[in-house]
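Residue numbers run from 1 in the order of the sequence given. Counting convention: from 1, in listed order, for ligands and their atoms alike. The structure presented is a predicted model; accordingly, all values stated were derived computationally and were not measured.
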Amino acid sequence: MKGPLFYSKILLFGEYGIIKDSKGLSIPYNFYNGALKVDKAHTEKQHQSNVNLQRFAEYLAELEKQQPKLVSFDLKSLQEDIDAGMYFDSSIPQGYGVGSSGALVAAIYDKYATNKITVLENLSREKLLKLKAIFGEMESFFHGKSSGLDPLNSYLSLPILINSKDNIEAAGIPSQTKSGKGAVFLLDSGTVGETAPMVNIFMENMKQEGFRKMLKDKFVKRTDACVEDFLKGDVKSLFSNIKELSHVVLDNFKPMIPKQFHKLWKEGIESNAYYLKLCGSGGGGYILGFTEDLAKAQKALKNYKLEVVYNF
Ligand SMILES: Nc1ncnc2c1ncn2[C@@H]1O[C@H](COP(=O)(O)OP(=O)(O)OP(=O)(O)O)[C@@H](O)[C@H]1O
Ligand SMILES: C[C@@](O)(CCO)CC(=O)[O-]
């Protein structure tokens, strides 16, 4: 028995900035997905997933007790299914910045929340914020404080525009030009990244006035401009802003970029063949790349496998 599919996501813009009220734009990424499956026969990985679900179910029971007004679950069915061997059958890599825990949270909410807010109803801004709050509490089991954005993306299967912390909306993004030369791609850093320690470094840096100023005047400014350009389909302006963003990140977010990629990052900016940026919190997992000419980027990055996620 297998449930509906929930997709991975990519935060195209807004990592770290959204903690401090920049804009953000996140899109579902259908290449990876996961679904709940009830089955007794387990591989080692499936067994581990089942064990995780058991611990998650205990957390959800406690959450429901602590915040009964926020969310409630059919805990009895959840426990019965876990006892019957349920696991999250998922191709989404873990710790890669594409939301493996978000998809899992969305799947559990979809199947076991009582009085749930559904995708089919008219989703007012209030309902979206309520869902985001519920998902934030649920997902914090996996990595400490969570904005709830990843599960929201996965649950709705729609791009989400973050205008500010309390102002989010489902957004239309320009349709892809399949024949276009420009692309957004994922670059595999080959190592796993962890969100919490990276966010801690960021919060430490935010205690310095200079870093705060850089964030506001450079990082958030460019991030907001990128979101606006992307939504408008202004590719020329987008690439000029991404180049600047790539530079600002290389100068100020070094701990979030795996060492062996510092040189590659710089070479992209200097050659204009591609521009790299963080994909989520960084520190490993995927790096996000933008190029106006995919063939050129592929040549410059010939030792790496690029996964194209969007064509301009
Ligand atoms: N198939 C699965 N079955 C059970 N638990 C899973 C599964 N996939 C992910 N998880 C849980 O989610 C955790 C990973 O979530 P984490 O938030 O650290 O990374 P991520 O969601 O992959 O990346 P990011 O939040 O950066 O996008 C795993 O440690 C595990 O507890
Ligand atoms: C780094 C961060 O901004 C994005 C991680 O996907 C953290 C967050 O806002 O949840």
Side-chain angles (χ1 to χ4, degrees), residues 2-3 5-29 32-37 39 42-59 82 85-108 132 135-154 160 162 164-165 168 186 189 191-203 205-206 215 219-220 223 249 253 255-256 277-288:
K2 199 167 164 173
L5 293 182
F6 290 87
Y7 297 111
S8 55
K9 64 83 217 199
I10 294 172
L11 183 62
L12 284 180
F13 305 105
E15 67 284 350
Y16 296 103
I18 56 176
I19 302 178
K20 292 287 158 202
D21 257 1
S22 78
K23 286 182 191 281
L25 182 65
S26 138
I27 60 170
Y29 180 42
Y32 296 119
N33 60 52
L36 290 169
K37 192 168 174 185
D39 190 354
H42 285 166
T43 62
E44 181 52 39
K45 191 174 154 228
Q46 291 159 351
H47 172 70
Q48 191 50 52
S49 175
N50 176 260
V51 170
N52 277 354
L53 288 189
Q54 177 61 47
R55 287 173 45 230
F56 189 38
E58 287 156 23
Y59 171 84
I82 291 171
M86 183 167 72
Y87 60 92
F88 191 54
D89 187 14
S90 171
S91 61
I92 310 173
Q94 298 181 21
Y96 256 69
V98 287
S100 69
S101 56
L104 169 55
V105 166
I108 292 284
K132 184 169 170 281
F135 288 150
E137 288 295 333
M138 290 175 71
E139 200 188 28
S140 62
F141 169 73
F142 295 102
H143 58 213
K145 202 170 160 29
S146 151
S147 65
L149 190 65
D150 290 1
L152 188 64
N153 220 253
S154 188
I160 293 176
I162 303 119
S164 66
K165 271 200 206 98
I168 56 170
L186 295 174
S189 75
T191 57
V192 168
E194 264 191 278
T195 302
M198 293 297 125
V199 173
N200 285 343
I201 294 175
F202 173 76
M203 295 313 268
N205 286 340
M206 284 297 283
L215 195 88
F219 185 78
V220 169
T223 296
V249 173
F253 287 77
M256 288 75 170
K277 71 177 286 296
L278 299 175
C279 178
S281 51
Y286 285 120
I287 293 169
L288 204 52

J.: Which protein non-hydrogen atom lies closest to atom 2 (C) of ligand 2, naming both residue and atom, and how far is it?
T.: Tyr16 N, 3.9 Å
J.: Out of Tyr87, Phe88, Phe56, whose heavy atom sits nearest atom 1 (N) of ligand 1?
T.: Phe88
J.: With no hydrogens and no angle check, is any side-chain donor or acceptor of Lys277 less than 3.5 Å from a backbone partner on Leu12?
T.: yes
J.: Please answer whether the main-chain N or O of Gly102 pairs with a side-chain N or O of Glu139 as donor and acceptor at a distance below 3.5 Å.
T.: yes
J.: Once you restrict to heavy atoms under 4.0 Å, what part of Thr195 touches ligand 2? Side chain, backbone, both or neither.
T.: neither
J.: Could you tell me if the side chain of Asp39 sits less than 4.5 Å from the side chain of Asp89, heavy atoms only?
T.: no
J.: In terms of atom number and element, which parts of ligand 1 are under 4.0 angstrom from non-hydrogen atoms of Thr195?
T.: 26 (O)
J.: Mark up the atoms of ligand 1 that fall under 4.0 Å of a heavy atom belonging to Asp150, in ascending order.
T.: 25 (O), 27 (O)
J.: What are the atoms of ligand 1, with element, lying closer than 4.0 Å to any heavy atom of Ser90?
T.: 1 (N)
J.: Quick one: does any side-chain atom of Ser91 pair with a main-chain N or O of Tyr32 as donor and acceptor, under 3.5 Å?
T.: no
J.: Please could you name the atoms of ligand 1 that Val98 approaches to less than 4.0 Å, counting only its heavy atoms?
T.: 27 (O)
J.: Among Val192, Asn52, Ile92, which one puts a heavy atom closest to atom 31 (O) of ligand 1?
T.: Asn52
J.: Out of Ser147, Cys279, Gly280, whose heavy atom is nearest to atom 8 (C) of ligand 2?
T.: Ser147
J.: Taking 4.0 angstrom as the limit and counting only heavy atoms of Pro93, give me the atoms of ligand 1 inside it, by number and element.
T.: 22 (O)
J.: Judged on heavy-atom distance to atom 12 (O) of ligand 1, which of Ala103, Ser101, Gly193 sits nearest?
T.: Ser101
J.: Among all protein heavy atoms in this structure, tell me which lies nearest to atom 5 (C) of ligand 2, with the distance rounded to 0.1 Å.
T.: Ser281 N, 3.8 Å
J.: Taking the side chain from Ser154 and the backbone from Tyr7, do they hold a donor-acceptor pair closer than 3.5 Å?
T.: yes
J.: From atom 28 (C) of ligand 1, work out which of Gln94, Glu194, Glu15 has a heavy atom at the shortest distance.
T.: Gln94
J.: Could you tell me, atom by atom, which parts of ligand 1 come under 4.0 Å of a heavy atom of Gly95?
T.: 19 (O), 20 (P), 22 (O)
J.: Test your reading of the model: is there a side-chain donor-acceptor pair from Lys9 to the backbone of Gly97, 3.5 Å cut-off?
T.: yes
J.: Need the ligand 1 atom indices (1-based, order shown) with element for anything under 4.0 Å from a heavy-atom of Ser100.
T.: 8 (N), 9 (C), 14 (C), 15 (O), 20 (P), 21 (O), 22 (O)
J.: Under 4.0 Å from a heavy atom of Lys9: which atoms of ligand 1 are those, numbered in the order shown and with their elements?
T.: 27 (O)
